[in-house]
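Structure, as structure tokens:
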Amino acid sequence: MVLTIKHGLRRATRTYAVPPTVGELKADDGLRAELGYGDNCRLCINGVEQSDMTYCPGPEVTIETAANQKA
Amino acid sequence: MPAEYILKKDGRVVRRPIELQVEGELEIDVDNAILSQIRTNIIRSVRGLGKMGDLNVGLCIVNDTTFYARVFLRSLNLNCTIRADGDYAIPSFEPRGDFVNVQWKIPDDMSLLFGACINYGVESAYTCEFCYLFAIDPKKAAYVLPLPNLYNDAHICTGQAVYSGATLLECFERVFIGVRDSRWNNHLIHDRGMFEHSQRLFRFKSTKTGFDTVPSESHWSKLSSKVGTDVLNYMAI
């Protein structure tokens, strides 16, 4: 499967034999380096935040910087 | 076979198989209702919508009721408390005290973008829901400046303020002026490191006429946090 990962203005495309999980995408060092995200992020599919165990069936997901809260 | 559907500029819709062994496109007949729905969901950007003072306003139309307006700033107005540190005047961002307006001149390699999400709805009015401040480098990487009223995703804490207008530009101008003139306090200082970065980035020298920006010894991107959100795609960059 072909998956497009979006982060802000940047895009990366990867091919997977099986759909990756949200946690795997978040932890992917190659993607982190290419797209520039860190630990403080969330992954959304069609605008809905997903948990780390969720599979990403494609065709695209969005990784966003997670907003903090006021103390 | 996986495929992608492409809406061409001339209005035709073509289906293009993704498999590398198959080349070419197949034009397909699409009902006008489907074309209309596709066009409705296409995000459209206008980079030169009009002027707000001497700033060019850009606009992104997400759908019939959701818009993003933005301007690129040449300087950042900080309405804040100031402390003296040797020869420098540095924003202390105290919640109370004597507030002054200082104009921070942005570095030459920074594009500073102020944007707002504006919705059209109740009583035919435009209302600002969120506004943002992004610092963008020449490679189009986005950052959040170490300012105490910015969330990690670059949206600005505006407290209870709600901005609206009879027109989209009127609403955008009101939120722009409101944020520009608002006090910067410390509601979102979430760690000592971020605060220390602000002390190194925003430095001024007092002159007879006001405050001159002193360039930071470290590059601004090293003192800021990288950010990536879908909102950036609506900023007509």
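What you see is a predicted model, and the numbers here were worked out from it, not measured in a lab. The analysis underlying the following values was restricted to heavy atoms, covering all of them including side chains, and did not include hydrogens, waters or symmetry mates. Here is the naming used below: chain letters follow the sequence lines, and residue numbers restart at 1 for every chain.
Contacts between residues 220-230 of chain B and chain A, counted as heavy-atom pairs separated by less than 4.5 Å, involve B:K226, B:V227, B:G228, B:T229, B:D230. Proximity to chain B at a heavy-atom threshold of 4.5 Å picks out A:K6, A:H7, A:G8, A:L9, A:R10, A:R11 from residues 4-24 of chain A, in numerical order.
Of the two parts of A:I63, only the backbone, made up of N, CA, C and O, holds a non-hydrogen atom closer than 4.5 Å to a non-hydrogen atom of chain B. Neither the backbone nor the side chain of B:A142 comes within less than 4.5 Å of any heavy atom in chain A.
Counting heavy-atom pairs under 4.5 Å between each of B:I237, B:V231, B:D153, B:V144 and chain A puts B:D153 at the top.
Other residues, nucleotides and ligands contribute over 12 non-hydrogen atoms within 6.0 Å of the CZ atom of B:F99. Within 6.0 Å of the CG atom in B:D181, the count of heavy atoms belonging to other residues, nucleotides or ligands exceeds 12.
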